[in-house]
There are 2 protein chains.
Amino acid sequence: MPIASVERETGLSKDTLRVWERRYGFPTPERDAKGERLYTPVQVRRLVQIKRLMDRGHRPGKLLALDEPSLRALDDTHATPLSAPGEAQLDNWLQLVKSHDSEALQRQFYRELAKRGMPRFVQDTIAPLIARIGEAWSRNELGIFEEHLFSQHLKKLFRTTLANLPPQVGSPRVLLTTLSGEEHTLGLLMVEALLVVEDAYPVLLGPQTPIGEIVRAANVKQVDAVCLSFSVAYPTTLAAQGLRDLRQMLPGDTEIWAGGYGIKSIRKPIEGVCLVPEFQDLYDCLARWRVETGS
Amino acid sequence: MPIASVERETGLSKDTLRVWERRYGFPTPERDAKGERLYTPVQVRRLVQIKRLMDRGHRPGKLLALDEPSLRALDDTHATPLSAPGEAQLDNWLQLVKSHDSEALQRQFYRELAKRGMPRFVQDTIAPLIARIGEAWSRNELGIFEEHLFSQHLKKLFRTTLANLPPQVGSPRVLLTTLSGEEHTLGLLMVEALLVVEDAYPVLLGPQTPIGEIVRAANVKQVDAVCLSFSVAYPTTLAAQGLRDLRQMLPGDTEIWAGGYGIKSIRKPIEGVCLVPEFQDLYDCLARWRVETGS
DNA sequence: GTCAACTATTTGTCTTGGACAATATGAATA
DNA sequence: TATTCATATTGTCCAAGACAAATAGTTGAC
């Protein structure tokens, strides 16, 4: 697998991959006739594993020095998030995803949503489940196929639920999208659902909007805030740079909310940007806006 | 604006930007104290324009030699598609998209769907409209923002319509997805809608599934055919290669249907792959399958 | 023991200029 | 009008060096 594919698969830039090879001696891919790097599937899997551990706060220097068993051990360290209430149920769902039982999964989703209501459903059920699926994926317990299937069912659920809600007229008006290069839309749908039931007015724009277009959309649609979603795979520096660029081009009275696992690794707060690592924090943003504008 | 931001905004890689500067002398950005490139907004705008013309088939070498007025003139070249008979309605819709009138657009869509029925709606209304919007975009008459908004409304329409249909049990079972690198899902949704009303059983998998995973999914879900969608942007050679790879890995009795504007430029038929350039051809595939299997 | 400030180390991104293969163009031929 | 072949174009990759932002580790004051 050539370096460009590895970049796409792992989210590690070509520069990073090359500098790791130079500094740490891993990965040392084969070379083709042209002298270009060819990574083995084993190396790619290990890189993905390392990336996941990095997202959890570990440093590359340490991780790259470890051997396979140590890595796995480290992975298992976090593998058992102390069984929170309803943990058994999560395992149950994970099993459904693994066994491709679409119908059962769909049924269970609808039941759970009806039972707990949208806010609790999103925060206590779906968010942890997505995290668990990500872990399971990194441990190679399920594949992209299962993840896609899960994703589709969830999108379907949100779409149909949202379609049955009355037309929106609330405030604040919030533009939902992602920056170029970030193609995950599940986060946007979840935020849309939360905003709707909180009587806000979300404007869903879909993924991968260039910053100039976001600014134009915010202007045309007269939104009070722009909400961006970042997945773990999105490089932290790109996210930070993009947020700074956007802040500069957007009118000062338009807020910027940035959410998703991808921004958890941003340490330094960005001037004029509200970081929303957890769904709970979204409510704080919303409440603050309503207090500040007196609506 | 640093080079990483320009890459994100224009979709031109850092390597490409640097090599253009070296070869054609444009763009020649300022440098900061660190000696790193800083592009001006004017340069970025021009790069976006150049990229757009490239997508229309022009070559970089020519475009980068042109000055500002010549570029603009070239932009206007394709500016006037003669309005064919019965296109008044299309122009009408295009106007709605341009004016960001979400509510009116949504209303019109639902009315048209109810009036004409799903097959005619997809073939006679939506497919031409998508083509027109693509043209308008390449002529810079509307932006990515408008295109995203249109796309979202259409997705919403299909989702809600499909959600209200009874559970599917028909045949053939068809897996719907795209290859890695192809992220457009509208085509998949339209095919899903057509298949549902034709009493087939579509399994929507979402975009960008690696070939190995497609094979696994086809096996697990026991589908009779795999249907792939390609947009104009997808490189023809990649599409052809991908289809050949897939054909080799998939069981012989599983059909492959390939559709979308992206496959219209494939000249040579591919052994064991059914090319479906128009929606009409999908019905032929379906009918043929039903005759051959006697169901 | 806790917190702040300072120094050292780690780490990702950017730099240059050269190389090469895949693709597109254009000319010559069947 | 098609095919084939030579030529030109063009994007991606490579190497090794440099630098600043972020993080870790250390010291000192309270």
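Values below: all heavy atoms of this structure, side chains included; hydrogens, waters and symmetry mates excluded. Proteins get letters first, then strands, A, B, ... in listed order; numbering begins at 1 in each.
- Across residues 59-66 of chain A, A/R59 each have a non-hydrogen atom less than 4.0 Å from an atom of DNA chain D (numbered order).
- Looking at A/Q49 and A/E68, their side chains come closer than 4.5 Å, going by heavy atoms from C-beta outward.
- Residues A/T254 and A/L175 form no side-chain contact, since every pair of their non-hydrogen atoms from C-beta on lies 4.5 Å or further apart.
- Between the side chains of B/S231 and B/E182, at least one donor N or O lies within less than 3.5 Å of an accepting N or O.
- B/E7 and B/S13 get closest at one heavy-atom pair: OE2-CA, 3.7 Å.
- Within 6.0 Å of CD on A/E141 lie more than 12 heavy atoms contributed by other residues, nucleotides or ligands.
- The terminal axes of the helix from C/dG1-D/dC30 to C/dA30-D/dT1, fitted over 5 pairs per end, subtend an angle of 40° to the nearest 10°.
- In this structure, the side chains of B/R288 and B/C274 come closer than 4.5 Å at one or more pairs of heavy atoms.
- For DNA chain C, the outermost nucleotides in 5' to 3' order that have an atom under 4.0 Å from a heavy atom of chain B are C/dC14 to C/dT25.
- Using a distance-only test at 3.5 Å, with no hydrogens or angles considered, no donor-acceptor pair links the side chain of A/T185 to the main chain of A/L188.
- Annotation: side chain of B/I211 is in contact with side chain of B/M249 (closest heavy-atom distance under 4.5 Å).
- A heavy-atom distance below 4.0 Å to DNA chain C is reached by these residues of residues 19-28 of chain B, ordered by number: B/R22, B/R23.
- Under 3.5 Å, the side chains of A/S180 and B/E9 contain no donor-acceptor pair of N or O atoms.
- With salt bridges taken as basic N to acidic carboxylate O contacts below 4.0 Å, one links A/E213 and A/R216.
- When side chains are defined from C-beta on, B/T10 does not count as touching B/K51, because their heavy atoms never get closer than 4.5 Å.
- In terms of heavy-atom proximity, B/Y39 sits nearest to B/Q43 at CA-OE1, 3.4 Å.
- Across A/Y261 and A/A127, no two heavy atoms sit closer than the pair OH-O, 3.8 Å.
- Think of the region where chain A sits on DNA chain D: with heavy atoms and a 4.0 Å cut, that region ends 5' and 3' at D/dC13 to D/dA24.
- The closest side-chain heavy-atom distance from B/S70 to B/D67 is below 4.5 Å.
- Using a 3.5 Å distance cut-off with no hydrogens or angles, the side chains of B/H148 and A/T177 do not pair a donor with an acceptor.
- Contact check for A/L47 versus A/P27: side-chain heavy atoms found under the 4.5 Å cut-off.
- Nearest heavy-atom pair across A/C227 and A/V191 is SG-CG1, 4.2 Å.
- Annotation: proximity of residues 3-15 of chain A to DNA chain C (heavy atom, distance under 4.0 Å) is found for A/S13, A/D15, numbered in ascending order.
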